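What follows is a short report on a single structure.
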Number of protein chains: 2
Amino acid sequence: MDSLSEEAEQGASGAQTPDGAGGARRKPQTGTLGKAMEVLDVIALAETPPRFTDLLSEIDQPRGTLHRQISNLIAEGLVSVNADHSYVPGLRLLKLAARSWSGNTFRLLAEPHIRKLHDETGETVHLGLMSGLEVIYLDKIESKQTVRMHSQVGNASPLYCTGVGKAMLAMLPEDDCAARASQFDYVRHTETTLYTPELLLAEMAEIRSSGISYDREEHEPGIRCIAAGLGGVESGIIAGVSVTGPAFRISQDEMVRWKSLVLETARAIESDMEARLGPRSQE
Amino acid sequence: MDSLSEEAEQGASGAQTPDGAGGARRKPQTGTLGKAMEVLDVIALAETPPRFTDLLSEIDQPRGTLHRQISNLIAEGLVSVNADHSYVPGLRLLKLAARSWSGNTFRLLAEPHIRKLHDETGETVHLGLMSGLEVIYLDKIESKQTVRMHSQVGNASPLYCTGVGKAMLAMLPEDDCAARASQFDYVRHTETTLYTPELLLAEMAEIRSSGISYDREEHEPGIRCIAAGLGGVESGIIAGVSVTGPAFRISQDEMVRWKSLVLETARAIESDMEARLGPRSQE
DNA sequence: TATAAAGTTCCGTTATTTGGAACTCAATTT
DNA sequence: AAATTGAGTTCCAAATAACGGAACTTTATA
């Protein structure tokens, strides 16, 4: 084992990553690479494996150009082609992602803590990271009968309708928070979804003071969750932990009993972050 | 001519990635994209997050060029930069891989079968796919709550020292099988590792006739496994399933009792493949 | 503080990508 | 069976993005 000389990645601060998380296609600022990634995105996000013509109509590129781009992606193993000439994401992506995931210092550091939280609550626990307007789930420990194992790892959800998402939003400086609130492409998933910037921002004060945010079946009916944010812009990483449970088994009032456990977990991860990642920083 | 030295058999749904396997770094034939991917590879495979100078010495590129390549990768979210200027793979990889994984037709099709196999045996079950000289684990169902959840998905191991790997090798035409056997970079992981082409090929006949291969603690001491291959070159996909168990609890003789279950699972997946992937590659 | 090393920017040159059109192949229509 | 359509692939002059050397700025070290 090498000494953990790294720091976790930054989701929001830092460099030029204006990237629209929501799903809007952006104009490539990144030259050739950006164009290739745009094609890969379309292939990866498609419901059903697209064929050449599907891509041609989705992507504004001449036939010859698009064909070469795809050929390059295939040659690199980023895309595979089926017998019927439809395209699917390649195995190389899995391999790359596996490497990045299993070596991610922040995840490794947080794992024992969320495992402990899972043991204490008996419910599903998530670890999420802020990335643009989304939360990306970095780890998950499921309760019991795990129907789909890693259904969530690597998945992304909007910030405005998830427990961790709102907790992370509340950690931002107010202007940044408001700016993002105005950028969401709000969808009213359920009755309780906060579907306007006003509704969302109204909850921020409460979250900021208590350190806790709730998902009151705002994203999926029947699913509740309690979450806490951790990290912060100074640390370069904004993350969150949550405990999720089914509404039929756990009432809104009952979620409150996990408040201190969730907060303790968040604080414990932060203190590990300082201990492990701190010495290196030099600002 | 395009002369993509690799290319060739296109597979049904998430088929194989031709070369790449071993770990050797290849000369980019793919223009700009290839160069960018080479940088990404170095970052992803590094033990510890490399800094600019580390990359500069590993990759034969002038400073300015390398810097721009990294900048592009960062702008695309494929790489993140830490506070200390070291580089780690970006979250976008996770997101892309999650999409590709959860939408992979073959995995979805195989999942109920390996789940059943897990229920029947009570032990850890793997689903692997052949990619070059490696097996890439596409899914895994673990016994109980073991320490690391998805430790294996997306990970790669050499074909010659794993149960699924040997089972898949045995499905190849003999010349292809022998060709690959001579290409491995053999490492004697344990006492029982088959560490020469001769030892490996000697086992092939037996595997071919029985349809079953064993890992007799050949990769990791204390870990046994029984595996069967499935698919084939005609179907464009070569895969395998295995049941893994700890040597202290399960003797070599006891593994045999799972033989028919493992074979049944492989046959069941194959028959689903024909039904689902045969006429149309998609649902 | 001085000095070296690491990281970043600039810009003329060079090589790759581009995009339109022509071509092949297979399936469908007449 | 021949013709037509549509999908996928190849080619090459022109356009554009990448290259790479050197200068510049910041951070670490003596």
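Values in this document were obtained by computation on a predicted structure and should not be read as measured data. Per chain, numbering begins at 1; letters A, B, ... match sequence-line order.
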Find the distance L33(A):CG to dT18(C):P and express it as a whole number of Å. 12 Å
Is there side-chain contact between E58(B) and P50(B), with heavy atoms separated by less than 4.5 Å? no
In whole angstroms, how far is the C1' atom of dG7(C) from the CG atom of L56(B)? 10 Å
Return the minimal non-hydrogen interatomic distance between Y160(A) and D185(A), and the atom names on each side. OH-O, 3.7 Å
If every non-hydrogen atom of L127(A) is compared with every non-hydrogen atom of A110(A), which pair is closest and at what distance? CD2-CB, 3.7 Å
Is the shortest side-chain heavy-atom distance between T32(A) and L33(B) below 4.5 Å? no
Does some side-chain heavy atom of W101(A) sit less than 4.5 Å from a side-chain heavy atom of L93(B)? no
Of the candidates dA18(D), dA7(D), dA6(C), the side chain of T32(A) sits closest to dA18(D)
So that I can tick it off, tell me whether R267(B) and E270(B) are bridged by a salt bridge, with the cut-off set at under 4.0 angstrom between side-chain N and carboxylate O. yes
Phosphate-side-chain proximity, R51(A) and dG8(D), N/O vs OP1/OP2 below 4.0 Å: yes
What integer distance in Å separates I74(B):CD1 from dT9(C):P? 11 Å
Let me test you: for the helix from dT1(C)-dA30(D) to dT30(C)-dA1(D), what is the angle between the axes at its two ends (five pairs each), rounded to 10 degrees? 40°
Within this structure, what is the CD-CD distance for the pair E38(A) and E76(B), rounded to the nearest 0.5 Å? 9.5 Å
Produce the list of close N/O pairs, under 3.5 Å, pairing protein atoms with atoms of nucleotides 11-14 of chain C; give distances to one decimal.
none

Rounded to the nearest 0.5 Å, how far apart are OH of Y87(A) and CG of L55(A)? 7.0 Å
For dG8(D), take OP1 and OP2 only and decide whether either is under 4.0 Å from a side-chain N or O of T53(A). yes
Determine whether a donor-acceptor pair (N or O, by modelled atom type, separation under 3.5 Å) exists between the side chain of R107(A) and the backbone of L138(A). no
Q183(B), CD: over 12 other non-hydrogen atoms inside 6.0 angstrom: yes
Among residues 60-70 of chain B, which contact DNA chain C at a heavy-atom distance under 4.0 Å? R63(B), G64(B), H67(B)
Starting at atom CG of L55(B), determine the distance to atom P of dG7(C), rounded to an integer number of angstrom. 9 Å
Are any non-hydrogen side-chain atoms of M37(A) and L78(B) less than 4.5 angstrom apart? yes
F52(B) CZ to dT26(D) P: how many Å, rounded? 17 Å
Within the pair K35(A) and dT18(C), is there a side-chain N or O less than 4.0 Å away from OP1 or OP2? yes
